[in-house]
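Below is one structure, written out as structure tokens; comments come after it.
So that the names make sense, note that chain A is the first sequence line, chain B the second, and so on, each numbered from 1. Keep in mind it's a predicted model, so treat the numbers as computed, not measured.
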2 protein chains.
Amino acid sequence: MTPAFELPQIAPESFERADAARNRERILCAARRLFDERGAGCVSMDDVAEEAGVGKGTLFRRFGSRASLAAAVLSERERNFQEAIIRGEPPLGPGAPPCERLVAFGESLLDTLEAHTELFLAAEIGPGRFVHPAYVVHRLHVTLLLREADPVCDAEMLSDTLLAALGADLFIHLRRVRGMSLERLKQGWGELVGRTVPAPEQAGV
Amino acid sequence: MTPAFELPQIAPESFERADAARNRERILCAARRLFDERGAGCVSMDDVAEEAGVGKGTLFRRFGSRASLAAAVLSERERNFQEAIIRGEPPLGPGAPPCERLVAFGESLLDTLEAHTELFLAAEIGPGRFVHPAYVVHRLHVTLLLREADPVCDAEMLSDTLLAALGADLFIHLRRVRGMSLERLKQGWGELVGRTVPAPEQAGV
DNA sequence: TGGTTGACCGGACTTCAGTCCGTTTCGCAT
DNA sequence: ATGCGAAACGGACTGAAGTCCGGTCAACCA
């Protein structure tokens, strides 16, 4: 039981041997390709190892778990998303009121979920989901916006609570099993946010 | 207001052969015992089958999956819970305003989560979580209360959204990893519900 | 350039959920 | 009682995630 996480996105560790770097790249490449052509649900770790021309031990050494590999594959898109949040145009980026930014945040995440449903599902299973860098960043973002909109609320907890509404398993259920449209999910998110954090200029209901 | 629906619990199907009933009881008994003494996380399906003196095929024939078995073990408590919701005293049962009933619902669920964390976690993994009778009943309950409190909201979707805040994996994270107290979780739930569905007599904030 | 070291490699191995199918047993009708 | 068909039984089998460990080789230093 090694709870050690590779931080797949931000930086390779202090120093990485040449063969290690090469294999990491090969694995990511193979995983991306296989996930893309078969869907994440139909790709085993053995498949990835073979496609990458790498032993299974190496695969797990670099990425720790299946969920972590899926998250790493998503990390490029995630980096763009974070960039848009931190430095992009409003309403996703800074400049808009918190409520609108939260709505934009959720809608953007829902779009990404729609486009990469299976990959997200693979990335969100097991413990450690809430500890993954991407999730931590999302939570921090939501926490700050909540606190800005309403300094007295328990933003630390509300943020996790709101993010739970954007989980991949729930998304799949609402979208595929119950057949709700993406538009409806977005409106639902907007409704939830609108009720949770009222806009400042809104005096009475 | 009178939910005269028959709960689709784990009711034995139309007719159950004597050996089937006997084995089902044995399995439930063994599972309860093992889960109780080792914690659900440390009990494999083979363990349960052996303890019950039953083949593995039988185990899966009766319960379908590990998650489903865990849910079945929880079902007695769940039945009591449903009883309290449908016919019990307010604020959990009928008679209190929807907002208060929702708060009581969540607090009660959080208490149960606190007492049987691992079992809930085992029961909530995999797809089919949202299709399980217990979840469906919870959602229906929340949906009706939401609709009663605010007929114009998208209660169908908000109910799933709110219930996501009571998921076992999130509970474990908040409680054990982030170290929040049970009391704080209850307050957070109250805050979320209070914002989502304002009480009717509450004119201004 | 050649030696040393420790990180890295790979694939066999373990564990566990879930499936399959030949065999057994139950319930019923005669 | 007895024969029959359907349902249940059980355990060997499969497939996949994650672990282990002996061998290898990249980096660095002399």
Side-chain angles (χ1 to χ4, degrees), chain A residues 1-6 12-28 30-31 34-35 38-73 118 121-129, chain B residues 12-28 30-31 34-35 38-73 118 121-129:
Chain A
M1 280 277 267
T2 43
F5 281 105
E6 301 285 316
E13 26 247 75
S14 46
F15 192 68
E16 194 179 33
R17 248 169 61 169
D19 51 351
R22 171 178 50 83
N23 280 337
R24 191 162 53 90
E25 215 46 49
R26 277 214 236 163
I27 290 169
L28 275 176
L34 289 181
F35 287 163
R38 290 191 215 166
C42 300
V43 178
S44 73
M45 294 299 267
D46 298 76
D47 292 338
V48 175
E50 189 184 359
E51 175 84 7
V54 150
K56 205 176 177 180
T58 302
L59 178 50
F60 277 92
R61 158 179 295 272
R62 301 315 299 173
F63 293 97
S65 73
R66 178 185 170 77
S68 195
L69 175 62
V73 169
E118 292 194 32
L121 186 62
E124 287 188 5
I125 58 175
R129 164 188 167 187
Chain B
E13 26 248 76
S14 47
F15 254 158
E16 193 179 32
R17 254 168 57 168
D19 51 349
R22 173 177 49 83
N23 281 336
R24 190 162 51 89
E25 215 45 50
R26 277 213 234 161
I27 290 169
L28 275 175
L34 290 181
F35 287 164
R38 290 192 216 165
C42 300
V43 178
S44 73
M45 292 301 266
D46 297 77
D47 292 339
V48 175
E50 190 183 359
E51 175 83 6
V54 149
K56 204 175 177 180
T58 303
L59 178 50
F60 277 92
R61 159 180 292 270
R62 302 311 302 170
F63 293 97
S65 74
R66 178 186 170 78
S68 196
L69 175 61
V73 169
E118 292 194 30
L121 186 63
E124 288 188 5
I125 58 174
R129 165 190 167 186

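- Judged by closest nucleotide on DNA chain D, Arg61(B) is the one of Arg61(B) and Phe60(A) placed further toward the 5' end.
- Rounding to whole angstrom units, CD1 of residue Ile27(A) and P of dC8(C) are separated by 12 Å.
- Residue Thr58(A) places at least one side-chain N or O under 4.0 Å from the OP1 or OP2 atom of dG10(C).
- Here the shortest heavy-atom pairing between Ile125(A) and Leu121(A) reads CG2-O, 3.4 Å.
- For the OP1/OP2 pair of dC8(C) and a distance below 4.0 Å, the side-chain nitrogens and oxygens of Asn23(A) include no atom meeting the criterion.
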- Task: Apply side chain to side chain contact (heavy atoms under 4.5 Å, CB included) to Arg38(B) and Asp47(B), showing your working.
- Result: CA-CA 11 Å; Arg38(B) 290 192 216 165; Asp47(B) 292 339; 3.0 Å; yes

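- Following rounding to the nearest Å, Met45(B) (CE) and dA17(C) (C1') show an atom-to-atom distance of 8 Å.
- Rounded to an integer number of Å, the gap from Arg24(B) CZ to dC26(C) C1' is 16 Å.
- Computed from coordinates, the Glu50(B) CD to dA12(D) C1' distance equals 16 Å when rounded to whole Å.
- Both Ala18(B) and Ala67(B) lie near DNA chain C, and the one whose nearest nucleotide falls closer to the 5' end is Ala67(B).
- Rounded to whole Å, the distance from CZ on Arg62(B) to P on dA7(D) is 12 Å.
- Atom CD of Glu118(A) has more than 12 heavy atoms from other residues, nucleotides or ligands within 6.0 Å.
- Annotation: of the two residues near DNA chain C, Asp19(A) and Gly64(B), the 5′-most nearest-nucleotide partner is Asp19(A).
- In this structure, Arg66(B) reaches the sugar-phosphate backbone alone: every heavy-atom distance under 4.0 Å involves primed, P, OP1 or OP2 atoms, never a base.
- Of the candidate nucleotides dA27(D), dA12(D), dA7(D), dA12(D) has the atom lying nearest to any side-chain atom of Lys56(B).
- The CG-C1' distance, from Asp46(A) to dA12(C), rounds to 12 Å in whole Å.
- The main-chain N or O of Ala52(A) is found under 3.5 Å from a side-chain atom of Arg26(A) such that the two form a donor-acceptor pair.
- Protein atom CD1 of Ile125(B) is 14 Å distant from nucleotide atom C1' of dA17(D), rounded to whole Å.
- Nearest heavy atoms, Arg129(A) versus Glu124(A): CD-O, 3.4 Å.
- In this structure, CZ of Arg17(A) is placed 11 Å from P of dC28(D), rounded to the nearest angstrom.
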